[in-house]
Amino acid sequence: MLENVDWENMLEATWETIYMSGVAILFTFFFGILLGLILFLSSKGQLWENKVTNSIVATFVNVFRSVPFIILIILLIPFTNWVMGTMLGPNAALPALVIGSSAFYARLVEIGLREVDKGVVEAARSMGANQRHIIFKVFLPESMPALVSGITVTAILLISYTAMAGVIGAGGLGDLAFRDGFQRNSTDVTIVATVIISVIVFIVQGIGDVLTRKIDKR
Amino acid sequence: MLLIHLNNVSKTFQLKGQSVEAVKNVDLDIEKGEVFGVVGYSGAGKSTLVRLLNLLETPTTGTVKIADYEMLNLSNRALRAARQEISMIFQHFNLLWSRTVHDNIAFPLEVAGVAKSERNARVEELINLVGLKGREDSYPSQLSGGQKQRVGIARALANDPKVLLCDEATSALDPKTTSSILELLHDINQKLGLTIVLITHEMPVIQKICSRVAVMEDGNVVEQGNVLDVFKHPQQEITRTFVRQVTDPDDANQAIEEQLREEKGTVIRLTFVGGDAGKPVVSELIRACDVTVNILQGNIAQTQNGSYGSLFVSIEGDEKQLQDAIAFLQGHQVEAEVISDA
């Protein structure tokens, strides 16, 4: 039982996975909300209604959302080299992770914003609110439960993306499971890596659920 | 003093290539300090009309003047400042569910850039004014409909507006809550001298708190005037329908219909206005004309300009007695109308 598991390697791989997912989630939260806001506010009947902006952002989001992640990583190698100055270690996976998941999260943000009661926006306008007030005091707080449950779903997607980041040598549990577990035929390593990833996913989902419930006063 | 002046205002919407005229050439003058009602069925254009006042909808033609503001000439920034003086409450309250009662009321103050300590003092004052003490930290979802509308009213009053626009503010409430909200609006009008423009499809709302009323149908203001005059002499068929919402409850119609079917007498509707409502006209009628009078249904409505009563009676007697009776009633300045169908 578990005789092939090198616990030191396993721990390091776990930290790499947590590091890659954690940093990518922070950036994704920021860029996803930014893209989602632009996507939503430039759509028909909204504050910044603008067909051109809307179709540019929509195309960007659709392209990066539809390219399989493993291909996206490879396609972005030159970009990553330019941004991070390296193609080694967990940091090398970040640009691809952030871009892929931001595009996904942006759509969830857009859906969340669309659910905000039009009447409340109208009420804010009737009180003399400007665009900044409407975005930061109405749209974002009123859609917060959707934004949080959306980032939870996205975070779990991100964790599964990190498993593919091994392709470019970024490390992590997925990489360990593939190299040590599959290629060296040590099934126990694969199983332990799987269990750890599952635990991380459960914890993330749990935190997301608690937060969403706490924020939602409807 | 004139506070609101609409001159030839129209609004046309473009919907799927079709143009829909929601408001057609409306002229309206509203005095400072009055409670002005706009009544109409849904789709009559009254919701659009009220949004033309604070420019939530931009008029296609015409001009809107409120206090000293030529609303259409204002820059975006000046319009936002003007809107702080023209506040609004809504049918579905439109509170932010993510904010407590306190923070909802603070919202317009934040928008106006009021400092935090001053803001908190003002919010407390408003919470007392609308009778919500103790509920400051509740969220809207924990409140009843009436309480939500009180929050809406407090929020609307936060920046000391000159005008309060009420968009079907009581239509989502039960009759008892409606009365209490109307009382609150009436108090605010009296205490603060705030001008109120109220739109509704319920004539009883108009009857209870408005001094003047405009009737809207199909985008046009078809009739307007002093509420008691409109009750007394409705000019348009639609106005008559609305007045009947107050004077003729449904069960009255049933009783009258029955009476008409049995052909036992002539059904007459008597209308009393103002001071006449108290006179013992019916007993005098019986004595003077020797007829049998059967009272079917009676009703008195209190308006802001005086009371308005209607009484349905069935009179039994021969042709001559009947004519005498009607002449007697009209001699006493009571309007009498022979009803042939309910």
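All of these numbers come straight from a predicted model, not from anything done at the bench. To find a chain, count down the sequence lines: A is the first, B the second, and so on, and within it residues start at 1. Worth knowing before you read on, the calculation uses all heavy atoms, side chains too, and leaves out hydrogens, waters and symmetry mates.
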K.L.:
Look at the rings of A/F40 and A/F139 and say which category their plane angle falls in: under 30° parallel, 30 to 60° tilted, over 60° perpendicular.
P.N.:
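Correct class here is perpendicular.
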K.L.:
Quick one: pull up CZ in B/F36 and CG in B/L198 and give me the separation to the nearest 0.5 Å.
P.N.:
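Reported value, rounded in 0.5 Å steps: 10.5 Å.
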K.L.:
At a heavy-atom separation under 4.5 Å, does B/L79 approach chain A through its side chain, its backbone, both, or neither?
P.N.:
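Contact with chain A involves no heavy atom of B/L79 at all.
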K.L.:
Measure B/I86 against the heavy atoms of chain A and call it side chain, backbone, both or neither at under 4.5 Å.
P.N.:
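Answer is backbone: N, CA, C or O of B/I86 sit under 4.5 Å from chain A.
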K.L.:
Is it the case that atom CZ in B/F13 sees more than 12 heavy atoms from other parts of the structure closer than 6.0 Å?
P.N.:
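Atom CZ in B/F13 is crowded, with more than 12 foreign heavy atoms closer than 6.0 Å.
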K.L.:
So which donor and acceptor atoms of chain A and chain B come within less than 3.5 Å of each other?
P.N.:
unit_1 : atom_1 : unit_2 : atom_2 : d
A/G119 : O      : B/N94  : ND2    : 2.9
A/E122 : OE1    : B/R51  : NH2    : 3.0
A/E122 : OE2    : B/R51  : NE     : 2.5
A/E122 : OE2    : B/R51  : NH2    : 3.4
A/K137 : NZ     : B/E110 : OE1    : 2.6
A/E142 : OE1    : B/W97  : NE1    : 3.2
A/E142 : OE2    : B/W97  : N      : 3.2
A/E142 : OE2    : B/S98  : N      : 3.1
A/E142 : OE2    : B/S98  : OG     : 2.7
A/K217 : O      : B/S141 : OG     : 2.8

K.L.:
Once you measure the plane-to-plane angle for A/F79 and A/W82, does it fall in the parallel (<30°), tilted (30-60°) or perpendicular (>60°) bin?
P.N.:
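Correct class here is tilted.
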K.L.:
For A/L157, does its backbone N or O pair with a side-chain atom of A/S160 as donor and acceptor, under 3.5 Å?
P.N.:
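Yes, A/S160 side chain to A/L157 backbone: donor-acceptor pair under 3.5 Å.
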K.L.:
Under a 4.5 Å cutoff for heavy-atom pairs, which residue among B/P108, B/A112, B/P161, B/P140 has the most contacts with chain A?
P.N.:
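Of the candidates given, the most pairs with chain A belong to B/P108.
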K.L.:
For A/V116, is it the side chain, the backbone, both, or neither that has a heavy atom closer than 4.5 Å to a heavy atom of chain B?
P.N.:
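For A/V116, there is no contact with chain B at all, as no heavy atom is under 4.5 Å.
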K.L.:
Distance-only, no hydrogens or angles: does the A/T17 side chain make a donor-acceptor pair with backbone N or O of A/L173 under 3.5 Å?
P.N.:
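Yes: the side chain of A/T17 pairs with the backbone of A/L173.
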K.L.:
With side chains defined as the heavy atoms from C-beta onward, is the minimum distance between A/I18 and A/W15 less than 4.5 Å?
P.N.:
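Touching, per the 4.5 Å side-chain cut-off.
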K.L.:
Minimum heavy-atom separation for A/I25 and A/A155, please, with both atom names.
P.N.:
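Heavy atoms of A/I25 and A/A155 come nearest at CD1-CB, 3.4 Å.
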